[in-house]
Structures are given as C-alpha cells and as structure tokens.
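Below is one structure, written out as structure tokens, with a few remarks after it.
Only this structure's heavy atoms are used, side chains among them; waters, hydrogens and symmetry mates stay out.
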Amino acid sequence: TAAGRFGEIVGSMRAVGLQDEEVLDCMQLVLAVMLLGNITPAVVKAHGCTSRTVVGGGGGDVGRRLCEAGAAEGAGEGCGEGAQTAQAALHAVAQLLAFPLQELTAFLGQKTTDAPGRGGG
C-alpha cells in the first residue's frame with residue numbers, strides 16, 4: 001500500500017540519521033516541488049493577492065477563497081476551477097517553503113534567457 005511505502009521511506013530516512021524535523025523538511029520540499037506543477041504562468045502573471053492566507057486552515061473551499069481574495073485585490077475577473085487550483089498551489093508552495101508570497105510570485109514571473117551574444121558565454 002501507499003502508506004506502507006511511505007513508512008518505508010520515512011524509516012530509511014531515519015536509518016541514515018535524519019531526525020523527525022529533517023524528515024518533515026524533506027517531505028515539505030518534495031510536496032512544494034510537486035505543487036509547482038499546478039501553477040500556471042497566467043496565474044503567476046495575474047496574481048495580485050498579497051494576503052497571508054493559510055492553506056488547509058479548515059473548509060474544503062480553500063481554492064475558492066484564495067481566488068476571491070486575488071480577484072478582490074486585482075488578480076483578474078474571477079477564476080475557473082483550474083485557476084483556483086493554481087492559486088491554491090501558489091499559496092501552498094509559499095507556505096511550505098516559508099517564502100513570502102509576493103517574492104515567490106515575483107520570482108516565478110521572471111523569465112531568464114541565455115541567448116548567444118547576450119553575455120551568455
């Protein structure tokens with residue numbers, strides 16, 4: 001089962017000397033990386049929400065509440081279900097990485113290219 005495999009992973013991490021807090025940190029990092037796949041460029045570009053909403057803080061409508069907060073703060077005209085998921089993922093990644101939401105949004109919105117003849121070496 002998945003729970004059994006998860007237990008094996010945690011057991012292996014402890015066997016190599018990781019403490020519970022370090023195991024949790026590793027799991028949070030993996031989860032944050034996985035959630036990054038749910039964040040769309042459109043949501044990053046339009047995301048104007050600067051609230052400190054805590055994801056998972058009760059209720060099953062976190063995405064809707066985050067979406068409404070973003071719309072109220074200038075993130076755009078409403079959100080479809082996909083945009084709600086992306087916004088919830090954006091907030092969750094910021095929380096998991098203990099990274100300010102505005103800075104994460106700014107970082108994800110940057111586009112860096114390494115074009116020949118432009119100092120890319």
Indicate, with yes or no, if V33 and M27 share a hydrophobic cluster defined by side-chain heavy-atom contacts under 4.5 Å among Ile, Leu, Val, Met, Phe, Trp and Tyr.
no
How long is the straight-line distance from CD of Q28 back to CG of L97, given to the nearest 0.5 Å?
8.5 Å
Least distance between heavy atoms, E22 atom then G17 atom:
OE1-O, 4.0 Å
Atom pair OG1 (T85) and CD1 (I39), whose distance is rounded to the nearest 0.5 Å:
11.5 Å
Using 0.5 Å steps for rounding, measure from the OG1 atom of T105 to the NE2 atom of H91.
7.5 Å
Same hydrophobic cluster for M34 and L36, using side-chain heavy-atom links shorter than 4.5 Å among ILVMFWY?
no
Looking at side-chain heavy atoms only, is the closest gap between L90 and L108 below 4.5 Å?
yes
How long is the straight-line distance from CG of L104 back to CD of Q95, given to the nearest 0.5 Å?
12.5 Å
Could you state the interatomic distance from CG (D25) to CG (L18), rounded to the nearest 0.5 Å?
9.5 Å
What is the minimum heavy-atom distance between L35 and A89, and which atoms define it?
O-CB, 3.7 Å
Determine, using the 4.5 Å side-chain heavy-atom cutoff (strictly less than), whether I9 and V30 are members of one ILVMFWY cluster.
no
If I take atom CG from residue L29 and atom CG from residue L96, how far apart are they, to the nearest 0.5 angstrom?
9.5 Å
